[in-house]
Participant: 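Below you will find the structure I want to go over with you.
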Protein chains: 2
Amino acid sequence: MQKQYTLSRNQKIIFDLIDKSRGPMKAYSILFNVQKKGIKAPLQVYRALDKLVEIGKIHKIESRNAFIACQNSSCQISKATAFSICESCEDVSEISNTKLSKYLSNFADSSGMKYSKYNLEFFGLCKKCKSK
Amino acid sequence: MQKQYTLSRNQKIIFDLIDKSRGPMKAYSILFNVQKKGIKAPLQVYRALDKLVEIGKIHKIESRNAFIACQNSSCQISKATAFSICESCEDVSEISNTKLSKYLSNFADSSGMKYSKYNLEFFGLCKKCKSK
DNA sequence: CATGTAAATGTTATATTATTACATAGTGTT
DNA sequence: AACACTATGTAATAATATAACATTTACATG
Ligand SMILES: [Zn+2]
Ligand SMILES: [Zn+2]
Ligand SMILES: [Zn+2]
Ligand SMILES: [Zn+2]
C-alpha cells in the first residue's frame, strides 16, 4: 500500500494527465498539454515528475524516457518495477506478478551487493501486433 | 557465443575506448575522447554505438544513458541483459547468472505477450560503498 | 574486372530531454 | 512572528539524440 500524500497543484495537474492517458507520456508532451493550465516551463514538469516518481504514483520507462501511472499499488514506492513493452505499437503495461517480484527482490549474487531496488523491462510483441 | 563480425574503423575505435574504460561511458564523453582520432560529430558516435549494441559488443545502461562493454559472451546478442548499479559510486557490472537469465527468458504472464528481450537493472550499494 | 548493393562515413543543422541558478510564495509548526 | 520546509516561477543553458543529404568503402556476383 502506498502512503498517503497530498499532491500539490502542479503535481495533481500532471498526475491526472498521465493517469488519464492511454500510454506512457513524455515530458515535453506533458508540458504541451498542461500549458493551458499555467505550467509553462520544462522545469515545472520535471519537478512534478520527480516527486511523483519518488512517491510511487508514476514510474519512468527508462528505455523510452516516458512516464506512466502506477497500475499496481503493491510495487513498494517505485522500488520494484516491471513492465512489458510492445516494440511495435509501444504499448506499455506494468507487470504485477508476485512470484516475479519476490524472486527479484530476494535476488542476490556473489558480488556481495545488497539490492534495494530494481527495474525490469520486457520487450516483445503484444497480442494485437503479433496477429497482424 | 557471439557471431563473429568485423568492426569498421569507427566502430573499433569506439569499442576499444569503451572496453578499456573502467565504467560505463556516455556518448559525448566518448565523442570528446575520440576527436583526436578524427571522429568529430555526435552522429558518428551514435551510429557506432547503435551497431555495437545491435551486435552485442556493448550494452546501454538505460537508467544512465551510458554504454558498457559486454562482460558476458553468453548474453545472446543483447537480448537478455542484467546489471547491478551502485547508486553511490555509479559502478556498474553485468550480472551473469544462469538461473536468473533462464527465469526471465522463460517468463510469461497472463497478457499473452511473447517476450523476445529484457533488460534488468538492480540498484543498491556496492561492497565498498556499503562499508563507508 | 565491372557492376550492383549494402554498409559505413562525413557534415551540418536541429530536435529532444534534462538541469542550473536564482528569486519568490505557500504550508505547517512552535 | 519566526522558522523550516516544500513548492513555484522564470530564464538560460546543458546534455542527449536524430534528420537529411552527399559521398565513400566493402564485398558479392556475373
Ligand atoms: Zn507501480
Ligand atoms: Zn503492440
Ligand atoms: Zn552482455
Ligand atoms: Zn559503490
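Residue numbers start from 1 in every chain, and the chains themselves are labelled A, B, ... in the order their sequence lines are given, proteins ahead of strands.
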Participant: For the side chain of A/S8, counting heavy atoms from C-beta on, which of C/dT11, D/dT10, D/dA7 is nearest?
Facilitator: D/dA7

Participant: Counting only side-chain N and O atoms of B/Q44, is one of them less than 4.0 Å from OP1 or OP2 of C/dT9?
Facilitator: no

Participant: With a 4.0 Å cutoff (strictly under), does any side-chain N or O of B/Y46 reach OP1 or OP2 of D/dT18?
Facilitator: no

Participant: Tell me whether the ring of B/Y28 lies stacked over the D/dT16 base, given a 5.5 Å limit on centroids and a 30° limit on the plane angle.
Facilitator: yes

Participant: Give the rounded distance in Å between these two atoms: CE of B/M25 and P of D/dA15.
Facilitator: 15 Å

Participant: On DNA chain D, check which nucleotide each of A/A48 and A/P42 is closest to and give me the residue with the more 5' one.
Facilitator: A/A48

Participant: Using the side-chain contact (heavy atoms from CB on, under 4.5 Å) rule, take B/F67 and B/V53 through it: C-alpha gap first, then chi angles, then the decisive distance, then the call.
Facilitator: CA-CA 9 Å; B/F67 300 84; B/V53 165; 4.2 Å; yes

Participant: Give a yes/no answer on whether the side chain of A/K51 brings an N or O atom under 4.0 Å of OP1 or OP2 in D/dT8.
Facilitator: no

Participant: I'd like to know if the side chain of B/E121 pairs up with that of B/N119 as donor and acceptor (distance under 3.5 Å, no hydrogens or angles considered).
Facilitator: yes

Participant: By the 4.0 Å heavy-atom rule, please label A/L43 as base, sugar-phosphate, or nothing.
Facilitator: base

Participant: Report which part of the nucleic acid B/R9 touches: base, sugar-phosphate, or nothing (heavy-atom distance under 4.0 Å, all strands).
Facilitator: sugar-phosphate

Participant: May I ask you to decide if B/G112's main-chain N or O and A/K130's side chain share a donor-acceptor pair within less than 3.5 Å?
Facilitator: yes

Participant: Find the distance A/K60:NZ to D/dT16:C1' and express it as a whole number of Å.
Facilitator: 11 Å

Participant: Roughly, in whole Å, what's the span from CD in B/E54 to C1' in C/dA7?
Facilitator: 11 Å

Participant: Expressed as a whole number of angstroms, how long is the span from A/E62:CD to C/dT16:P?
Facilitator: 20 Å

Participant: Please confirm whether the backbone N or O of B/K51 pairs with a side-chain atom of B/E54, one donor and one acceptor, at under 3.5 Å?
Facilitator: no

Participant: Taking CG from B/L31 and P from D/dT18, how many angstroms apart are they, rounded to a whole number?
Facilitator: 15 Å

Participant: If I take atom CZ in residue B/F32 and atom P in nucleotide D/dA15, what distance separates them, rounded to the nearest angstrom?
Facilitator: 13 Å

Participant: Is any side-chain heavy atom of A/D109 less than 4.5 Å from a side-chain heavy atom of A/Y115?
Facilitator: yes

Participant: Side-chain N or O of A/K26 versus OP1/OP2 of C/dT17: is the shortest distance under 4.0 Å?
Facilitator: yes

Participant: For B/I55 and C/dA7, give me the distance from atom CD1 to atom P, rounded to whole Å.
Facilitator: 13 Å

Participant: Which nucleotide wins on minimum distance to the side chain of B/Q11, given the candidates D/dT18, C/dA8, C/dT17?
Facilitator: C/dA8

Participant: How many Å lie between CG on B/L49 and P on D/dA17, as a whole number?
Facilitator: 9 Å

Participant: Do B/I85 and B/D91 have side-chain heavy atoms sitting under 4.5 Å apart?
Facilitator: no

Participant: Closer than 4.0 Å, any side-chain N/O of B/N65 to the OP1 or OP2 of C/dT17?
Facilitator: no

Participant: Side chain of A/Y5 only, please: which of C/dA21, C/dT11, D/dT6 is the nearest?
Facilitator: D/dT6

Participant: Would you mind telling me which of C/dA8, D/dT8, C/dG10 lies closest to the side-chain atoms of B/N10?
Facilitator: C/dG10

Participant: Between D/dT10, C/dA18, C/dT9, which nucleotide gets closest to the side-chain atoms of A/A27?
Facilitator: C/dA18

